[in-house]
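These notes are about the structure you will find just below.
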Amino acid sequence: MIKITLPDGSVREYTQGSSAMDIAKSISEGLARKVLAAEVNGAVIDASRGITADSSLKLLTWDDNSGKNTFWHSSAHLMAEAVEALFPGVKFWVGPALEKGFYYDMDLGDRKLTEEDLTTLEKKMQELAKQNSQFVRKEIAKNEAITYFIDKNDEYKLDLLQNLKDGEITFYSQGGFTDLCRGPHIPHTGFIKAIKLTNIAGAYWKGDEKNKQLTRLYGITFPNQKELDEYLLMLEEAKKRDHRKLGKELGIFTMDDDVGPGLPLWLPNGTIIIEELEKLAKETESDAGYKRVVTPHIAKESMYLTSGHLPYYADSMFPAMEMDGEKYYLKAMNCPHHHKIFDAEPKSYKDLPYRLAEYGTCYRYEQSGELFGLMRVRCLHMNDAHIYCTKEQFADEFRAVNDMYLKYFKIFGIDKYIMRLSLHDPEKLGQKYINEPALWLETEELVRSVLIESNIPYVEVKGEGAFYGPKIDVQIWSAIGREFTLATNQVDFAQGRRFKLAFTNKENQPEVPLIIHRAPLGTHERFIGFLLEHYAGKFPLWLAPTQVKILPISDKYLPYAQTLLQQLKKADIRAAVDDRNEKIGKKIRDTELMKVPYMLVVGEKEMTEEKVAIRRQGKGDAGVKSLEEFIAEISVEIKERSADI
RNA sequence: GCCGUUGUAGCUCAGUGGUAGAGCACUUCCUUGGUAAGGAAGAGGUCGUGAGUUCAAUUCUCAUCAACGGCUCCA
């Protein structure tokens, strides 16, 4: 007998070799019908595998992430079975579960898949799923596995086998399909009720662009149709929040073929948001002791040779222009210009920390396939600043920058984020990274200790640092689940020396300052793209391009509306009158769709009483007040940058 | 950059080997209407660009440009 400890702490006894499924059945038939896999002592295994020793056991169902993963991984096998049935001779690479769904990479030879093929495959999968084929696990000797795949002429699975040891190789079969797989899998294909193949894409073998490109099929499955329908509905909803769609609808930005890819044009409404963000940044930075500067968009080659950007960064810069026998580059970063400002006048330790801020315009040559709406562009406006400080000041400065991040996150209601401490890769010293092994370790430790002291949650990633030092990237998620790096906070121990920057220390000796690069609000492009999705276009009052729209019942009340408009403008409120010859219902509908926070409906009653009927976007009627009262109220809301929307 | 998909009016989209249509938006007129679409008329496109096949191309072929999805989450 073996002792099985269940998640609630209860301990039950079973005969040795009982499977999770046996145990589930002993608890309840209903539970047994839902079990997809089992977690035994922390490892996920097939529910059908015998348990041989005392163990803790968790039965995994659709409600568990591991259960879903297993379900989707098995679905990938089902898809592969369908593909093999319809296109014999196909070779498979890997087919993992994703956060949502699964994919399988395959080599289809010369064959190209079409959208119709997806539908055919879905039908085939439905058909195969209904056969309730069991997933059968088989341990197999390496030699035997190699022979099997040599016979199949399958170089991909043979490649996988190379890295596997004898004794740890397993095959899984369901129906007529057998695959090299470590599992685990769900009991049988019948669990898979609702199937949607979502898209066909190319994917390099092993993710390396030098390798052959395989066909990747994406799909998602559910244990019932209802969940699939909900999922598809959610995708529809997400599309509505897409910043590219909202950006167009709300007149925030546009792209034009003649201007060029990745070069957004900011429309008047978008420009208002930019200006509000800059106002916020300027206030915040001024309070934190930053000085503002302005620098040119181009610079000579020599400066980027000094900075070291050219050897490391040239691929991301627009090619040089020649002028008077000199090469000039569009700037891809602001730091060298700022270093030159630091260097313009001699500095003493008394001048430090010296903080320079600029909303700098940068141009980066992103690969064409990487461009994405506002999130990845070639012209960007960075909330940039550089802090020049002593080693002793570094921790405080670094902490202050982190505090600034948190302050911003609060204003914008960003509560899901993670800080990523990006370190160098020792193997790439001298190539991707400046060859200063000792300095790397020292600064990395410095940054890490600040993070730990400040109790900021973070993860460490090797090989993601900037070429001049470690950095902290802030990852955030937009409301529709898009993850990206918003902000960055980098340490730079290299450029100070390269630019021969120095201050006179207390001992009257020249000393190279440490530099912190920081951009809490990232770039206007990415940040506004994020905000569009974050707020679903419903900007808080302080950011809303139009804050108040006056809606006269008919044009008899236009003169009254105009006097209201003048007063609102005097109070620095962005307002407009809807003077179209339309009924009030239409005016309200259009204003609602434009997501204007406040509407003032004015007709006979309001005009006689000298009042306004207030309507809040998305919330409806908000009562009748005098204009003075209304202005007083929303002025507070604007001034406080209230996120209450 | 690579693979795949797409490209028709300002927007969303239909359509055809015989040089194009709808809804919304726009303009004008009627209507002056109290909290999410009042009515009518009109204007607007060399069908992304270039070449080829054809008597004839927006439609077929090729190239090119752009947008979108993917190329990271390793049997």
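In what follows, chains carry the letters A, B, and so on, assigned in the order in which the sequence lines appear, proteins first and then strands, with residues in each chain numbered from 1.
- Among the nucleotides B:U35, B:C24, B:U32, the one closest to the side chain of A:Asp621 is B:U35.
- Rounded to the nearest 0.5 angstrom, A:Ile634 CD1 and A:Ile631 CD1 are separated by 7.0 Å.
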What pairs of nitrogen or oxygen atoms, one from the protein and one from nucleotides 46-50 of chain B, lie under 3.5 Å apart?
none

Polar-atom pairs under 3.5 Å, protein N or O versus N or O of nucleotides 27-29 of chain B: list them with distances, or write none.
none

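- Comment: A:Glu525 does not engage A:Arg364 in a salt bridge, judged by the lack of any side-chain N to carboxylate O separation of less than 4.0 angstrom.
- Between the CG atom in A:Leu541 and the CZ atom in A:Arg616 there is a gap of 6.0 Å [rounded to 0.5 Å].
- For A:Glu606 against B:G34, a side-chain N or O and a base N or O form a donor-acceptor pair under 3.5 Å.
- Atom name P, nucleotides B:C73 and B:C65: the rounded distance is 29 Å, in whole Å.
- In this structure, of B:G70, B:U35, B:A25, it is B:G70 that holds the atom nearest to the side chain of A:Gln213.
- Atom-to-atom, CG of A:Leu371 to P of B:C71 comes out at 16 Å; the value is rounded to the nearest Å.
- One can place NZ of A:Lys587 at 13 Å from C1' of B:G38, the figure rounded to the nearest angstrom.
- Aromatic ring centres of A:Phe191 and A:Trp62 lie farther apart than the 6.0 Å criterion allows.
- On the C1' atoms, B:G44 is 13 Å away from B:A20, given to the nearest whole Å.
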Under 3.5 Å, which donor-acceptor pairs do the side chains of residues 247-263 of chain A form with other protein atoms, sequence neighbours left out?
from, atom 1, to, atom 2, distance (Å)
A:Glu249, OE2, A:Lys245, NZ, 3.1
A:Asp256, OD1, A:Asp258, N, 2.7

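- In this view, A:Lys611 and A:Glu609, A:Val624 satisfy the side-chain contact (heavy atoms from CB on, under 4.5 Å) rule, not counting sequence neighbours.
- A:Leu214 comes within contact range of no nucleotide atom at all, as no heavy-atom separation falls under 4.0 Å.
- Across B:G34, B:G33, B:A75, the shortest atom-to-atom separation from the side chain of A:Glu604 is found for B:G34.
- Applying the side chain to side chain donor-acceptor pair (under 3.5 Å) test to A:Lys142 and every residue at least two apart in sequence or in another chain returns nothing.
- For A:Lys586 and B:C24, the NZ to P distance is 9 Å, given to the nearest whole Å.
- As judged by a 4.0 angstrom heavy-atom cut-off over every strand, A:Asn199 is placed among residues touching the sugar-phosphate backbone only.
- In this structure, A:Gly251 reaches neither bases nor backbone, as no heavy-atom distance under 4.0 Å exists between it and the strands shown.
- Here B:C11 presents its C1' atom at 16 Å from CZ of A:Arg244, a figure rounded to the nearest Å.
- Nucleotides B:A25 and B:C11 are separated by 15 Å at their P atoms, to the nearest Å.
- Closest to the side chain of A:Arg589, out of B:A36, B:G69, B:A75, is B:A36.
- For A:Lys556 and B:G34, the shortest distance from a side-chain N or O to OP1 or OP2 is not below 4.0 Å.
- Rounding to whole angstrom units, CZ of residue A:Phe135 and P of B:A75 are separated by 15 Å.
- Taking atom CG on A:Asp578 and atom C1' on B:G33, their separation rounds to 14 Å, with Å as the unit.
- For the pair A:Lys152 and A:Glu84, the salt-bridge criterion is met [side-chain N within less than 4.0 Å of a carboxylate O].
- Distance from the side chain of A:Val601 is smallest for B:G34 among the nucleotides B:A75, B:C11, B:G34.
- The distance from atom CE of A:Met106 to atom P of B:C71 is 15 Å, rounded to the nearest whole Å.
- If you check every strand for non-hydrogen atoms under 4.0 Å, A:Tyr156 touches nothing.
- If A:Leu180 and A:Tyr365 are placed on RNA chain B by their nearest nucleotide, the residue sitting closer to the 5' end is A:Tyr365.
- Using a 4.0 Å heavy-atom criterion, one finds that A:Glu370 contacts the bases of the nucleic acid, with or without backbone contacts as well.
- Counting only heavy atoms from C-beta on, A:Pro261 has its side chain closest to B:A67 among B:A75, B:G69, B:A67.
- Here A:Asp473 pairs with A:Arg420, A:Lys471 under the salt bridge (Lys or Arg N to Asp or Glu O under 4.0 Å) rule; sequence neighbours left out.
- Applying the salt bridge (Lys or Arg N to Asp or Glu O under 4.0 Å) rule to A:Arg216 yields the partners A:Asp105; only residues at least two apart in sequence or on another chain are considered.
- Look at A:Arg137 and A:Glu139 and you find a salt bridge, because one of the NZ, NE, NH1 or NH2 atoms lies within 4.0 Å of a carboxylate O, short of that distance.
- When the side-chain nitrogen and oxygen atoms of A:Arg580 are compared with OP1 and OP2 of B:A25, none of them lie within a distance under 4.0 Å.
- The listed nucleotides are B:G34, B:A75, B:G70; the one nearest the side chain of A:Ala201 is B:G70.
- Scanning for salt bridge (Lys or Arg N to Asp or Glu O under 4.0 Å) contacts around A:Lys239 gives A:Glu236, with sequence neighbours left out.
- When the ring pair (Phe, Tyr, Trp, His ring centres under 6.0 Å) test is applied to A:Tyr329, no partner is found at least two apart in sequence or on another chain.
- With B:A75, B:A25, B:A36 as the candidates, the nucleotide lying closest to the side chain of A:Cys181 is B:A75.
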Distances under 3.5 Å between protein N/O atoms and the N/O atoms of nucleotides 72-74 of chain B, please, pair by pair.
from, atom 1, to, atom 2, distance (Å)
B:U72, OP2, A:Gly207, O, 3.1

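- Here A:Lys605 lies in heavy-atom contact (under 4.0 Å) with a base.
- Closest contact between the side chain of A:His77 and the listed nucleotides B:G34, B:G33, B:A75 involves B:A75.
- For A:Tyr598 and A:Glu637, the side-chain atoms include at least one donor-acceptor pair closer than 3.5 Å.
- Checking B:U32, B:A36, B:G38 against the side-chain heavy atoms of A:Leu593 singles out B:A36 as nearest.
- Look at the C1' atom in both B:G48 and B:U59: the space between them is 15 Å, to the nearest Å.
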Fill in the blank from the handout: Dot-bracket assigned to RNA chain B with the 3.5 Å Watson-Crick/G-U criterion, [ ] for crossing and | for other-strand pairs, is (((((((..((((....[..)))).(((((.......))))).....(((((..]....))))))))))))....

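- Between B:C3 and B:G42, the distance separating the two C1' atoms is 47 Å to the nearest Å.
- Here A:Ile584 lies in heavy-atom contact (under 4.0 Å) with sugar-phosphate atoms only.
- Aromatic ring centroids of A:Phe372 and A:Phe484 lie 6.0 Å or more apart.
- Residue contacts for A:Gly603: at a heavy-atom cut-off of 4.0 Å it reaches a base atom on one of the strands shown.
- With sequence neighbours left out, the side chain to side chain donor-acceptor pair (under 3.5 Å) criterion links A:Thr485 to A:Gln475.
- Regarding A:Tyr104, its OH atom lies at a distance of 17 Å from the P atom of B:C71, rounded to whole Å.
- If you take CG on A:Leu164 and CD1 on A:Ile169, they are separated by 5.0 Å, rounding to the nearest 0.5 Å.
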